[in-house]
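Here the structure is laid out as structure tokens; the discussion comes afterwards.
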Number of protein chains: 6
Amino acid sequence: MKLSTRNTLKGTIKKVELGAVNAEITLEIAPGVEVVSVITKSSAERLSLTEGKEAYALIKATDVAIAVD
Amino acid sequence: MKLSTRNTLKGTIKKVELGAVNAEITLEIAPGVEVVSVITKSSAERLSLTEGKEAYALIKATDVAIAVD
Amino acid sequence: MKLSTRNTLKGTIKKVELGAVNAEITLEIAPGVEVVSVITKSSAERLSLTEGKEAYALIKATDVAIAVD
Amino acid sequence: MKLSTRNTLKGTIKKVELGAVNAEITLEIAPGVEVVSVITKSSAERLSLTEGKEAYALIKATDVAIAVD
Amino acid sequence: MKLSTRNTLKGTIKKVELGAVNAEITLEIAPGVEVVSVITKSSAERLSLTEGKEAYALIKATDVAIAVD
Amino acid sequence: MKLSTRNTLKGTIKKVELGAVNAEITLEIAPGVEVVSVITKSSAERLSLTEGKEAYALIKATDVAIAVD
């Protein structure tokens, strides 16, 4: 499957925290560089997300803001 | 200024492409790992975004989807 | 590839309009039911989106607002 | 009231699941085609969303990604 | 029509700038307080948005980030 | 820090409601004009958001839809 989503960052799942409705997934996409995702708990379970597993962070270009010091 | 936004990825601007209304900014956040952002052209000019400059990619956790193979 | 995105609506591309930077894609997901998507022109070209082709509309559950009369 | 939102999909509420803060609403927008929405619980209550009721799914065109096989 | 969207800010249109595909709308929601919106040009035309007209800015609660000094 | 985000609305925190995972923040940005934000509880705690404190609501222009009567 090919996606229109511009950013597909490959990484390793470092942490999975399950709440009542949502899940917080921490993905290491480069040494020391982490991306945090909040998805529904049911999605996390459907994808069988567990620590150590390879996964991708998908981020639309229009959802990336830029800041400078 | 401190932000509620969970993901603040520091990087170097690799490319700035200006359209009529929007601008596409490519940020290298780790060796070989790039994030593409689309912001308005006026914001890109206001922040004086140019190649080689340090910048941050700001991404809300709820805007990060997860995929697995 | 499996996605955390909750809504994956299969359809047929009805129209592809290319702007300078963006592209507007119209997908028919059921008889008479259409979904319009705006993605970057480069993504539309990368996916070779053309009328008549099968495609999926991917929509996060948190991006769906509800209205009632 | 007229909205700038491009996608207004009319449907029937199939399921309402209330969490502590959020609510998950499933809308059937065509026979066998469902859209899932996550809104705040207070919004779900304010709109009196219940199974069987008619409602609309509102989705911005820029929130619709496209995928192809 | 009642919306699940939490923020409905009433204002007066101060400026309408039309690009090729998008339109930038500036709404004054309180004396000296402005909100800028980017929608598609076709939506701006469909709603007949013109300076001086009353309009509402609709913003989902999850799209509002918070910052402190 | 300068942001590409177009809307930076200064206000005073009126209410902080903490759920298990999320927090709902109400900001008064002008007399009688409030903006509600839902962020993660951990972000609310990291920023020490409390009633009476000054804060900013950050909203991307593409996240603002427009409605007219």
Side-chain angles (χ1 to χ4, degrees), chain B, chain C:
Chain B
M1 197 185 248
K2 289 196 295 178
L3 304 174
S4 63
T5 311
R6 289 296 290 278
N7 298 296
T8 307
L9 304 170
K10 193 179 186 170
T12 305
I13 297 173
K14 282 300 178 198
K15 206 163 51 178
V16 174
E17 292 178 276
L18 299 177
V21 175
N22 289 317
E24 191 173 304
I25 313 296
T26 305
L27 208 64
E28 187 177 56
I29 57 169
V33 182
E34 294 182 347
V35 170
V36 175
S37 162
V38 169
I39 58 177
T40 58
K41 186 188 180 184
S42 70
S43 290
E45 292 172 342
R46 185 166 41 83
L47 300 189
S48 306
L49 300 182
T50 50
E51 296 176 21
K53 196 171 180 173
E54 280 206 344
Y56 299 86
L58 309 178
I59 306 159
K60 283 188 305 172
T62 49
D63 286 337
V64 180
I66 300 288
V68 293
D69 280 324
Chain C
M1 196 185 249
K2 288 196 296 179
L3 304 174
S4 63
T5 312
R6 290 296 290 279
N7 298 297
T8 308
L9 305 171
K10 193 176 186 173
T12 304
I13 297 173
K14 281 300 179 199
K15 204 162 53 177
V16 175
E17 291 178 276
L18 299 177
V21 176
N22 289 317
E24 191 173 302
I25 314 297
T26 305
L27 208 63
E28 186 177 58
I29 56 169
V33 181
E34 294 183 347
V35 170
V36 175
S37 162
V38 170
I39 59 177
T40 59
K41 186 188 180 184
S42 69
S43 290
E45 293 172 340
R46 185 167 41 81
L47 300 189
S48 307
L49 301 181
T50 48
E51 296 175 22
K53 197 171 178 173
E54 279 206 344
Y56 300 86
L58 309 178
I59 307 159
K60 284 189 303 173
T62 50
D63 287 338
V64 181
I66 300 287
V68 292
D69 279 324

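In what follows, chains carry the letters A, B, and so on, assigned in the order in which the sequence lines appear, proteins first and then strands, with residues in each chain numbered from 1.
Within the 4.5 Å cutoff, side-chain heavy atoms of B/N22 are placed close to those of C/N22.
Within residues 41-54 of chain B, no residue approaches chain C closer than 4.5 Å by heavy atoms.
The line from NZ of C/K2 to CG of B/D69 is 10.5 Å long, rounded to the nearest 0.5 Å.
For chain B, no part of C/D63 is nearby; none of its heavy atoms comes within less than 4.5 Å.
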